[in-house]
Amino acid sequence: MKTIFVTTAIILCIHNLYAQQPVTDSTQKKVHLKAVEVTAKKPLLVQDIDKTVVNVDAMISSATSNTLEVLEKTPGVLVDNNGQISLNGKGVLVLIDGRSTYLSAQDLSSYLRSIPGASLDKIELIDNPSAKYDASGGAVINIRLKKNRQNGVNGNFSTSYSQGVYDRQNTNLNINYKRGKLNFFGNFNYNHERYYSADDNNRQFYTDDTQLTNSVLLQNRRQNSFRSTSLRVGMDHMVNKNTTWGFVFYGDLNPHKEWMSYRSSSLNPGHITDSTSQGFMQGQDRRKNGAANLNYQHKFNNEGRELSADLDYIRYQTPGTQHLQNNSYLPDGTLNDQSLFGYNLLPGINIYSFKADYTHPLKNKAGWEAGVKSSYVTNDNNSQYLDLEGSYPVEDDRRSNHFIYRENINAAYINARKSWRRIGVQAGLRIENTHLQGHQVANTYTPDSSFTRTYTNLFPSVFVSYKLDSAGNNTVTASINRRVSRPNYQLLNPFLFYQDNYTYTTGNPLLRAQYQTQYALKYQHRQNLGIGLQYGRFNDIIFQTTEAAGNIFITRPGNVFFGYMILLSVNTQLKPTTWWSLNANLQLAKLALKGTVGTENLRNGTSTGRLNVMNQFSFQKGWSAELSGFYFGRDIQGQRTVDPRYRVAAAAQKKILKDKGSIRLSVEDIFHTWIPKERVISIKQASVYHTNETDTQRIGIAFTYRFGKEDFARKRKHADNAAGAETERAN
């Protein structure tokens with residue numbers, strides 16, 4: 001808490017210092033406002049034809065949440081126990097400020113957990129992406145960070161503290177300085193967090209004629225903690241009115257510690273204990289991420305013809321160690337066996353990327369755009385298994401692994417669009433060539449091996465919109481596109497990783513890419529109502545599969561043959577009174593999977609529903625509040641069938657310091673009901689029941705403050721939007 005108060009004092013000093021300094025600009029006149037009364041409020045959701053925009057600041061509870069939790073509260077978004085993020089039932093490509101992260105699901109969830117929600121500006125949900133976007137993922141989520149472009153010194157500061165079983169602290173500072181043709185910006189984040197995970201498993205094993213042979217009760221208890229410090233700085237230089245170039249540098253230090261204990265009991269058919277085991281794991285890693293971006297934009301005219309380009313380099317490093325001990329006991333408690341071993345984990349990822357986009361408007365509401373992109377990824381993952389039972393560690397080559405993965409994707413696209421009085425059409429085609437190579441480095445036990453794959457695919461997309469009335473208040477849009485989900489490089493790594501005495505995980509170098517074709521029909525009435533119907537067909541679906549080898553479960557990614565999804569979604573935004581706004585999202589879906597897991601046939605399907613409701617209340621004297629609820633119906637995730645669950649959250653806010661600051665209080669998962677319970681099917685002669693509980697029930701408090709002059713560049717005296725009043729009345 002001391003850090004919070006010291007940082008707050010520094011920010012207030014910065015504000016007082018620059019509030020006394022007039023700012024001039026040789027290119028534009030300024031209007032300095034002594035007092036500004038803001039009566040308009042950003043809506044939580046804005047529905048566009050091709051995307052949904054979530055204004056994060058309008059979500060009161062975002063200030064005490066991290067980015068992963070903000071996504072969990074976003075309509076249509078789901079984050080499962082493994083960190084997989086989906087939008088309307090489809091896997092997603094997650095972008096940050098329009099750039100790919102290239103992280104695995106687990107690493108991405110850890111990264112998003114380290115970004116405070118207060119540093120977010122908006123989240124763009126693109127359910128049916130055009131050919132302009134990478135073809136990877138069934139949908140796109142673009143997370144945009146705060147960046148101020150007002151003249152002079154401006155920024156915002158936030159700090160929060162929340163308490164569940166363990167504590168969490170987030171501090172965020174965004175600062176911007178614009179003078180003349182130069183714009184400097186920076187973002188600093190500090191995040192300290194601890195959380196727990198409690199897993200309970202009941203595994204039962206059967207004979208060929210379904211007679212119970214034995215069962216295993218397994219309890220895992222995990223505690224995680226990390227301290228993340230990140231800095232993002234950049235500059236934009238307006239060379240002239242048409243040309244701008246800039247750079248962005250990012251660095252992140254995130255030391256992470258993990259501790260796990262487990263207990264297991266093996267029971268015979270009479271439920272009498274045959275043996276017991278217990279063990280623990282202690283691990284730590286030192287995540288060091290860095291990125292650099294060079295960007296360029298040139299406008300050829302005032303009609304929208306422009307060229308933009310980005311050059312990126314990203315480096316991820318997560319060196320870590322893990323020490324594990326396992327003890328097994330006879331029914332009378334006598335020690336039967338003991339093992340002590342560990343891992344040295346030395347992964348390193350380098351990413352190089354270049355893209356360029358050109359936009360060319362034509363007469364009569366027409367235009368086209370085209371672009372190219374090339375990315376090169378190398379992942380060097382050296383995992384050393386160490387026997388710790390002697391006087392000093394000894395590396396065991398039989399269980400060690402050194403896997404090097406390289407991937408090069410080259411892409412080009414073209415989009416064309418044309419609008420008439422009521423009809424709008426957009427058609428695009430993206431071509432992507434993928435070349436990948438995996439190399440298993442030889443050691444004294446494992447021979448050298450490698451594989452190479454090269455393939456080229458076409459990804460078309462077509463969008464047609466029709467205005468049902470001349471004012472465009474009612475619009476119907478139809479679309480079709482094709483997408484791909486490539487296996488992540490970590491999923492291809494064949495390394496066998498021990499979790500507990502009964503559980504191993506491994507990769508699969510034989511994984512194929514997953515392809516999906518999506519058809520969508522959507523009706524939109526202003527900002528008040530949206531109704532969508534989607535059908536998606538998926539081939540070679542990638543899921544984590546589970547097979548039994550005796551009483552040991554091995555989890556590896558695999559390709560399920562086929563699946564489909566039919567989804568009906570309804571989004572509504574209502575204002576029952578002047579002080580009450582209601583946002584509701586309802587989804588009804590039919591899901592089905594068909595394939596094989598090992599020697600077992602997989603037939604998994606369900607009809608389900610999801611409901612996300614957020615109530616926002618505005619009161620007098622700067623008070624506001626929020627009450628939200630989420631119901632998640634029965635779901636399937638590969639071999640897993642997940643039971644229904646729900647959660648309820650609330651938040652309150654009081655504006656202070658002449659509306660430039662706020663105090664926010666939030667309560668998450670009030671009844672602690674967000675506890676997934678699942679059953680695993682299609683395991684030969686075995687069944688599994690699993691429950692996972694995490695630190696979702698929390699209470700938090702946050703302080704936010706916006707500093708800087710309210711300066712506006714005067715470009716013209718007339719209103720920017722002549723129909724502004726009518727537009728506000730229409731919403």
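Quick note: numbers below take in every heavy atom, side chains included, and nothing from hydrogens, waters or symmetry partners.
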Can you list everything that forms a side-chain contact (heavy atoms from CB on, under 4.5 Å) with [X]? Sequence neighbours excluded, please.
| X | answer |
| --- | --- |
| Asn187 | Ser119, Asn172, Asn174, Asn189, Arg232 |
| Pro509 | Phe451, Pro494 |
| Asp208 | Gln685 |
| Leu330 | Asp332, Thr334, Asn336 |

Minimum side-chain heavy-atom gap [X]-[Y] below 4.5 Å:
| X | Y | result |
| --- | --- | --- |
| Ile314 | Tyr316 | yes |
| Tyr502 | Ser266 | yes |
| Leu345 | Pro319 | no |
| Phe538 | Phe561 | no |
| Leu145 | Ile96 | yes |
| Asn508 | Leu492 | no |
| Leu436 | Thr452 | no |
| Tyr195 | Thr694 | no |

Backbone N or O of [Y] within a donor-acceptor pair of the [X] side chain at under 3.5 Å?
| X | Y | result |
| --- | --- | --- |
| Gln514 | Ile542 | yes |
| Asp669 | Thr673 | yes |
| Asp337 | Asn327 | no |
| Gln639 | Ile681 | yes |
| Thr506 | Phe495 | yes |
| Thr446 | Asn443 | no |
| Ser65 | Glu69 | no |

State whether a side-chain donor-acceptor pair under 3.5 Å links [X] with [Y].
| X | Y | value |
| --- | --- | --- |
| Tyr385 | Arg399 | yes |
| Glu693 | Tyr196 | yes |
| Asp134 | Ser136 | no |
| Asp312 | Ser353 | no |
| Asn268 | Asn214 | no |
| Asn401 | Gln440 | yes |
| Lys73 | Ser62 | no |
| Arg286 | Thr321 | no |
| Asn170 | His192 | no |
| Thr608 | Asp635 | no |
| Thr171 | Thr159 | yes |
| Thr505 | Thr555 | no |
| Ser383 | Asn381 | yes |

Test: [X] and [Y] ion pair at under 4.0 Å:
| X | Y | answer |
| --- | --- | --- |
| Glu547 | Arg556 | yes |
| Arg512 | Asp540 | yes |
| Asp200 | Arg221 | yes |
| Arg453 | Glu407 | no |

Tell me, please, which residues at least two apart from [X] pass salt bridge (charged side-chain N to carboxylate O under 4.0 Å, His left out).
| X | answer |
| --- | --- |
| Glu193 | Arg113, Arg168 |
| Arg398 | Asp396 |
| Arg634 | none |
| Asp285 | Arg287 |

query: Checking side chain to side chain donor-acceptor pair (under 3.5 Å) for the pair Thr64/Ser162: CA distance, chi angles, key distance, verdict?
result: CA-CA 7 Å; Thr64 57; Ser162 69; over 6 Å; no
Would you give the length of the straight line joining atom [atom1] of [X] to atom [atom2] of [Y], rounded to the nearest 0.5 angstrom?
| X | Y | atom1 | atom2 | result |
| --- | --- | --- | --- | --- |
| Gln169 | Arg227 | CD | CZ | 8.5 Å |
| Asn408 | His435 | CG | NE2 | 7.5 Å |
| Thr229 | Leu253 | OG1 | CG | 6.5 Å |

What is the minimum heavy-atom distance between [X] and [Y], and which atoms define it?
| X | Y | result |
| --- | --- | --- |
| Thr606 | Ile636 | CG2-CG2, 3.9 Å |
| Gln278 | Tyr329 | NE2-OH, 3.5 Å |
| Glu600 | Ser682 | CB-O, 3.6 Å |
| Val94 | Ile85 | CG2-CD1, 4.3 Å |
| Ser228 | Ser114 | OG-CB, 3.5 Å |

Contact list for residues 672-682, test salt bridge (Lys or Arg N to Asp or Glu O under 4.0 Å), sequence neighbours left out: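 Every pair satisfying salt bridge (Lys or Arg N to Asp or Glu O under 4.0 Å) with a residue in residues 672-682: Arg640-Glu678.
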- request: Would you mind listing every salt bridge (Lys or Arg N to Asp or Glu O under 4.0 Å) that reaches into residues 251-268, with sequence neighbours excluded?
  value: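 Salt bridge (Lys or Arg N to Asp or Glu O under 4.0 Å) check on residues 251-268 returns Arg222-Glu258.
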- prompt: ring-ring contact (aromatic ring centres under 6.0 Å, His included) with Phe205: which residues, sequence neighbours excluded?
  reply: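 Result, ring-ring contact (aromatic ring centres under 6.0 Å, His included) vs Phe205: Phe553.
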Geometric class of the Tyr343/Phe497 ring pair [parallel <30°, tilted 30-60°, perpendicular >60°]: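 Correct class here is parallel.
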- prompt: Does the side chain to side chain donor-acceptor pair (under 3.5 Å) test come out yes or no for Ser264 and Arg203, once each step is laid out?
  reply: CA-CA 11 Å; Ser264 66; Arg203 301 174 178 177; over 6 Å; no
message: Please report whether the ring centroid of Tyr313 lies less than 6.0 Å from that of Tyr352.
response: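 Under 6.0 Å, so yes.
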field: Inter- and intrachain pairs under ring pair (Phe, Tyr, Trp, His ring centres under 6.0 Å), touching residues 669-698, at least two apart
entry: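 Matches after skipping sequence neighbours: Phe630-Trp674.
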